[in-house]
**Q** 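So that we are looking at the same thing, I have put the structure below in structure tokens.
Chain naming here is simple, since letters A, B, ... match the order of the sequence lines and numbering starts at 1 in each. Hydrogens, waters and symmetry mates play no part in the numbers below; they use all other heavy atoms, side chains included.
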Amino acid sequence: MNTIKKEQLEKQAVETELHYLKSQINPHFLFNTLNNIHTLVYKQAPTAPEAVMRLASLMRYMIYESNVVTVPLSREINYLQDYVSLQQLRYKKSPVVALIVEGNIASGHIAPLLFIHFLENAYKHSPARLEPGAIKVHLALKENTLTLCIQNPIGSRPGNALEEPGGIGLPNVQKRLALLYPNQHTLEISSTDELFTVTLEIQNLQLQAHEREADLLYN
Amino acid sequence: MKEKLTCYIIDDEHLAQEILEEYVSKVPFLELKGTFISPLEAAAQLEEDKPDLLFLDINMPDLDGLSFIPMLNPKPMVILTTAYDQYALKAFDLEVKDYLVKPFSFERFYKGVLRLYQEQGNRQQPEKKDHVAGLKQEPDYIFLKVGHRIQKITTRDILFVEGMKDYLRIHTAKEKIMTLLSFAKLEELLPAGDFARVHRSFLVAIDKIEHIEKNRIQIANHVIPISDSYTDSFYKKLRGSI
């Protein structure tokens, strides 16, 4: 009985920590997006309604849909697409992000809001002006192994850049991964003079219910 | 009041630039000279153009707006534009003219620039008055009563003026004009820097002097004496015009 209670308390502590870790989204991005949408609306740009819908979708996911243990991988990818689309408002040139998705994405489930921080970082540390396709995002699901690779050019930033409020650092993501996918993930971060690369691999990714059953049946 | 305030925009986001450009274009007393995406790119141009006003974003990748303000020389008036309100205190220290929190309406924008424009106008009015007074002192002609008519005399035609009791005889290259006037009254009408009193009875046009020898001035076949009491002031004026 004592052991069960202890386990429950531990579980609760972990859940609280996880919730805390994922809840911090960079408000700079939200304000920036609102400013840009304000301009689009003021100018009565035909792209204004879509931008508002993207923002609504993004916020709905963050606020309501992510309060679960796992979400369909496709929904998480959809969220990343919303984010990329809203970030794109900042750039005049055609898409600065090349997003490639491979494999049977529909079958995967993942802990929500896990990838966004890598993507946020890629924008944050890139140069002010980005060429089309300068940020490369490659997401693949093959044989229950999910691979996410994000690569961005490195911009020159002064040492005393203003601190951006909110946002969640890399150590927090690492902590969250350790709690969610202990001993079944690898995270590699490397940088050269020009490029910054993050490669995350999660093995034995949870599949959709019927596929899990099928797995059990055949193994 | 100054016709227009010249201004620049520095913001790293193109939509933020566009809305500012549109706001500026709606205000008749603002003239946009250019838009930059970073302070580093703008620096040289600002130094050269010396705009009156700068719309400056704070959060920019290369160099933030607050760090840029102290580097500005000459320093234009600065209106900060930012999505955050937390830098307002620092902005106050840097003596910025306004702090616009994005997104801001045209009305809010206009309120800020109008106040600046009015302040600017008040500061420049005394200068303008001086300018007008200066013009009044330097017409290129005067009207003088000659006999029963009023004669127009182009001031640059005057060689020298000779005093004849209550009358003045004005010598030009073509003619001599007698007018009932005192030297004091005439000197009020003439551009002060161009003429010099050299004697109780003589006033000369400085640019018509051919040469000066001892205490005599040669102007177009006339020799005009310089009296002791006017020597100092005359030479002082001469030095000023050399």
Side-chain angles (χ1 to χ4, degrees), chain A residues 26-48 50-52 54-55 85-94 96 120-131 134-135 152-167 196, chain B residues 9-26 35-43 55-71 80-91 93-94 99-110:
Chain A
N26 188 352
H28 191 190
F29 166 75
L30 290 175
F31 277 113
N32 225 342
T33 301
L34 280 173
N35 295 334
N36 288 334
I37 290 177
H38 171 252
T39 305
L40 294 179
V41 172
Y42 184 83
K43 288 163 62 100
Q44 302 194 358
T47 48
E50 198 211 314
V52 173
R54 290 275 191 179
L55 182 61
S85 161
L86 292 171
Q87 279 280 22
Q88 187 59 39
L89 297 177
R90 296 169 53 193
Y91 304 95
K92 231 173 177 169
K93 285 187 182 166
S94 56
V96 298
E120 253 184 2
N121 267 325
Y123 278 106
K124 200 163 136 189
H125 298 291
S126 293
R129 274 146 297 179
L130 285 169
E131 293 303 313
I135 298 177
N152 67 277
I154 296 169
S156 53
R157 279 190 163 242
N160 62 343
L162 294 167
E163 81 269 30
E164 285 185 0
F196 188 82
Chain B
I9 294 168
I10 305 179
D11 200 307
D12 65 323
E13 305 232 346
H14 76 100
L15 285 174
Q17 292 176 356
E18 280 177 29
I19 199 156
L20 265 173
E21 282 170 1
E22 202 150 326
Y23 283 0
V24 168
S25 73
K26 288 172 82 171
T35 305
F36 289 95
I37 75 158
S38 97
L40 297 181
E41 283 190 356
F55 295 99
L56 184 63
D57 184 22
I58 294 183
N59 301 79
M60 286 179 288
D62 294 332
L63 177 70
D64 75 83
L66 295 176
S67 308
F68 184 53
I69 294 175
M71 300 179 194
L80 284 172
T81 64
T82 174
Y84 300 102
D85 54 11
Q86 77 237 47
Y87 306 119
L89 197 62
K90 196 161 177 208
D93 280 344
L94 291 166
Y99 191 97
L100 298 173
V101 179
K102 295 177 186 172
F104 47 86
S105 67
F106 175 74
E107 286 70 27
R108 174 63 188 83
F109 167 88
Y110 186 69

**Q** Counting only heavy atoms from other residues, nucleotides and ligands, does the tally under 6.0 Å from OH of Y42(A) exceed 12?
**A** yes
**Q** Going by ring-ring contact (aromatic ring centres under 6.0 Å, His included), name the residues that satisfy it together with F55(B), two or more places apart in sequence or in a different chain.
**A** F109(B)
**Q** Less than 4.5 Å to any heavy atom of chain B: does that hold for the side chain of I37(A), its backbone, both, or neither?
**A** neither
**Q** Report the distance from atom CD of E18(B) to atom NZ of K43(A), rounding to the nearest 0.5 Å.
**A** 3.5 Å
**Q** What is the minimum heavy-atom distance between H38(A) and Y23(B), and which atoms define it?
**A** CE1-OH, 3.6 Å
**Q** Under 4.5 Å from any heavy atom of chain A, what part of F106(B) do you find: side chain, backbone, both or neither?
**A** side chain
**Q** Side chain to side chain contact (heavy atoms under 4.5 Å, CB included) with I19(B): which of N35(A), T39(A), N36(A)?
**A** T39(A)
**Q** Roughly how far apart are L15(B) CG and Y91(A) OH, rounded to 0.5 Å?
**A** 12.5 Å
**Q** What's the spacing between K102(B) NZ and N32(A) CG if we round to 0.5 Å?
**A** 7.0 Å
**Q** Is the centre of the Y84(B) ring less than 6.0 Å from the centre of the H28(A) ring?
**A** yes
